[in-house]
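Comments concern the structure below.
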Amino acid sequence: NAGVTQTPKFQVLKTGQSMTLQCAQDMNHNSMYWYRQDPGMGLRLIYYSASEGTTDKGEVPNGYNVSRLNKREFSLRLESAAPSQTSVYFCASRIGDTHSSPLHFGNGTRLTVT
Amino acid sequence: AQSVTQPDIHITVSEGASLELRCNYSYGATPYLFWYVQSPGQGLQLLLKYFSGDTLVQGIKGFEAEFKRSQSSFNLRKPSVHWSDAAEYFCAVAHSGNTPLVFGKGTRLSVIA
């Protein structure tokens with residue numbers, strides 16, 4: 001089972017460039033999430049999608065947009081990258097939208113913005 | 001808003017020694033509580049969770065955690081640590097069944113021989 005797959009694994013951008021981080025899950029999960037992880041900060045929620053066709057802001061949404069393309073895929077877009085967006089980005093999914101079902105995480109995308 | 005505090009940034013224990021990682025939360029009612037583990041270069045994996053009922057919960061890999069309402073704590077324990085337990089551990093809280101998780105800043109565990 002692939003689980004949650006994130007691409008790319010690593011990316012270097014220059015300030016002002018744009019890019020899309022891809023996330024796909026093959027577990028037929030309804031809810032999908034994007035987190036960023038920074039040293040000493042833990043994980044912070046950027047955006048989430050409780051079900052196909054819906055998206056909601058999390059704790060740190062500024063500078064990001066998301067698309068729930070279909071049930072499997074949830075992409076995160078940086079329109080104009082800034083050095084403050086240097087981070088490790090994790091996608092996660094779960095079958096329901098409540099905590100009775102556990103979150104499944106991808107292995108992360110390490111993004112550096114110079 | 002709820003918050004989660006993990007007071008210890010880094011802990012080092014000897015292999016075979018016992019372990020306790022601390023977690024405190026701030027929220028009026030009983031929240032949903034979780035512990036996750038992250039190995040280097042990997043995503044997070046759920047160790048255990050507490051919603052209600054028995055305040056001592058068992059998880060995977062021999063870990064357990066105890067919910068103490070009076071102390072607003074949910075500390076993670078393991079009686080005998082193995083070298084493979086070296087990782088970063090995150091406590092997380094949600095105040096209801098469908099609200100997003102809020103994570104603590106993590107505790108890095110090192111295991112020495």
Side chain to side chain contact (heavy atoms under 4.5 Å, CB included) assessment of Glu59(A) paired with Phe103(B): CA-CA 11 Å; Glu59(A) 181 185 354; Phe103(B) 285 86; over 6 Å; no
Part of Gln37(A) within contact of chain B (heavy atom distance under 4.5 Å):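 Contact with chain B is through the side chain of Gln37(A) alone.
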Contact origin within Leu43(A) toward chain B - heavy atom pairs under 4.5 Å: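 Leu43(A) touches chain B through backbone and side-chain heavy atoms alike.
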Are [X] and [Y] connected in the hydrophobic side-chain network, where two residues link if heavy atoms are under 4.5 Å apart?
| X | Y | answer |
| --- | --- | --- |
| Val93(B) | Leu21(B) | yes |
| Met32(A) | Trp34(A) | yes |
| Val57(B) | Phe63(B) | yes |
| Ile60(B) | Leu48(B) | yes |
| Val4(A) | Tyr47(A) | no |

Choice from Glu88(B), Gln38(B), Arg108(B) maximising heavy atom contacts with chain A below 4.5 Å: Gln38(B)
Separation of Leu101(B) CG from Leu103(A) CG (nearest 0.5 Å):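 It is 5.5 Å, given to the nearest 0.5 Å.
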Crowding at NZ, Lys105(B) (>12 non-hydrogen neighbours, <6.0 Å): no
Interface residue of largest heavy-atom contact number with chain B, from Gln6(A), Arg110(A), Arg44(A), Met41(A), under 4.5 Å: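 Option with the top pair count is Met41(A).
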Part of Gln6(B) within contact of chain A (heavy atom distance under 4.5 Å): neither
Validation row: Gln42(B), Phe90(A) side chains within 4.5 angstrom (heavy atoms):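 In short, these two side chains do not touch, never coming nearer than 4.5 Å.
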Smallest separation among heavy atoms of Leu46(B) and Pro102(A), with atom names: CD2-CB, 3.6 Å
